[in-house]
Amino acid sequence: MTQPLPIRRALDHRPRLLDLFSCAGGAAMGCRRAGFEVTGVDIVDRRNYPFTFVQADALQYLAALIASGDIGRYAAVHASPPCQAGCALTVGTNASQGWGGTHHDLVAPTRELLDRTGLPDVIEQPNGRAEIRKDLSLCGEMFGLGVLRHRNFELGRWTITRPAHPKHRGYVRGYRHGVYRDGPYVAAYGSGGGKATVPEMQEAMGITWTDVREELTEAIPPAFSEHIGCALLTAVRPVGVAA
């Protein structure tokens, strides 16, 4: 049996988690609910981020933490690096419009730095061609949400039980290929064509602290990261150490 990793605790006795490419904090909120003290890093000023936030290039910030040894203040890292070149939606749009070749894939350099930390980590990506291991795949139906929001997760230096993928209850509401379908899920991306309004996205994903469409479009539901965070917390907590 794999031994739990040493824990690094914040002042309030919560282990610290570094949330890279944080956007507005969908992943952060779930990790906080699971029991982590979260610090977010994003190159864009995310004023709606609900916890400690640093505006910086995420990879440069992580490299500096490693070089200084300050990465030792953290127990784990969650990262959602941009990979528009491999995202299913972007790939489809590029193919239809004859576009492509202008997006950067930051997954590989993120993984390289995460490996250097020696910490348990999570790399999150949407469905598409991003080159990650799909150690875990989550869907909104697993948590009774109003979005499907399929996401894949590569886990570094720890594991989690893969839940079964339940059958979807119907369609995602909106137009697709010129045909409108109603359904129990909303499309939490883009606008028009029957896609979700901002209040609908907030309700469907369980995100109340931001009403910025772009932030909601990029966010993962906190239910996903709370599920992951609870398992991750077990992985980093030594046996016999109370919460």
Side-chain angles (χ1 to χ4, degrees), residues 21 23-34 48 50 78 80 82-97 99 122-155 160-231:
F21 310 98
C23 194
M29 182 61 74
C31 291
R32 172 71 185 192
R33 290 172 181 168
N48 293 318
H78 181 284
S80 299
C83 186
Q84 291 176 307
C87 172
L89 290 174
T90 304
V91 167
T93 300
N94 286 349
S96 67
Q97 299 296 325
W99 301 337
V122 180
I123 300 177
E124 176 265 326
Q125 288 287 289
N127 276 344
R129 299 176 185 172
E131 295 186 1
I132 68 166
R133 295 191 316 274
K134 296 179 181 179
D135 298 323
L136 176 68
S137 296
L138 296 180
C139 164
E141 182 59 26
M142 295 175 178
F143 305 95
L145 301 179
V147 291
L148 292 178
R149 205 62 144 189
H150 294 101
R151 289 295 184 269
N152 301 308
F153 302 86
E154 179 177 310
L155 311 179
I160 188 174
T161 301
R162 295 173 63 99
H165 190 164
K167 183 179 180 180
H168 297 166
R169 290 172 287 127
Y171 292 106
V172 175
R173 189 195 74 200
Y175 283 93
R176 185 169 179 82
H177 305 302
V179 177
Y180 180 85
R181 291 186 173 93
D182 200 1
Y185 313 105
V186 298
Y189 57 88
S191 59
K195 293 184 176 63
T197 64
V198 165
E200 285 175 332
M201 284 194 283
Q202 290 176 310
E203 180 178 359
M205 290 193 289
I207 295 176
T208 59
W209 58 92
T210 180
D211 59 1
V212 178
R213 177 177 285 276
E214 175 260 340
E215 292 180 343
L216 291 165
T217 295
E218 294 184 3
I220 67 170
F224 288 15
S225 51
E226 183 174 4
H227 174 79
I228 292 170
C230 287

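The figures that follow rest on heavy atoms only: side chains count, while hydrogens, waters and symmetry mates do not. This is a predicted model, so every value here is computed, not measured.
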For [X] versus [Y], what's the shortest heavy-atom pair and its separation?
X	Y	result
Ser225	Cys31	OG-N, 3.8 Å
Gly190	Thr217	N-OG1, 4.2 Å
Asn152	Pro126	ND2-O, 3.9 Å
Arg149	Ala188	NH1-O, 3.0 Å
Trp209	Pro222	CH2-CG, 3.7 Å
Asp182	Tyr171	O-CB, 3.6 Å

Inset, instruction - Any chance you could measure Lys167, atom NZ, to Cys139, atom SG, to the nearest 0.5 Å? - result: 13.5 Å
Inset, instruction - Check the angle between the aromatic planes of His168 and His150 and answer parallel, tilted or perpendicular using the 30° and 60° thresholds. - result: tilted
Inset, instruction - Using the six-membered ring wherever Trp is involved, compare the ring planes of Phe143 and Phe224 and label them parallel, tilted or perpendicular (cut-offs 30° and 60°). - result: tilted
Distance-only donor-acceptor hits, side chain of residues 194-207, under 3.5 Å, sequence neighbours excluded:
residue : atom : partner : partner atom : Å
Thr197  : OG1  : Glu200  : N            : 3.2
Thr197  : OG1  : Glu200  : OE1          : 3.4
Glu200  : OE1  : Arg173  : NH2          : 3.0
Glu200  : OE1  : Thr197  : N            : 2.9
Glu200  : OE2  : Arg173  : NH1          : 3.1
Gln202  : NE2  : Thr210  : O            : 2.9

Legend entry - Flag side-chain contact, heavy atom, 4.5 Å: Pro50 against Met29: yes
Legend entry - Within-4.5 Å side-chain heavy-atom neighbours: Leu138 and Ile220: no
Within 6.0 angstrom of [X] [atom1], more than 12 heavy atoms from elsewhere:
X	atom1	result
Arg33	CZ	yes
Tyr175	OH	no
Glu131	CD	no

Legend entry - Any donor-acceptor pair under 3.5 Å from Asp135 side chain to Leu155 backbone: yes
Inset, instruction - Say whether, by atom type as modelled, one donor and one acceptor occur between the side chain of Glu124 and the main chain of Ser80 under 3.5 angstrom. - result: no
Inset, instruction - Report the C-alpha separation of Glu141 and Tyr185 in whole Å, then their side-chain angles, then the decisive distance to 0.1 Å, and conclude whether the side-chain contact (heavy atoms from CB on, under 4.5 Å) test is met. - result: CA-CA 9 Å; Glu141 182 59 26; Tyr185 313 105; 2.7 Å; yes
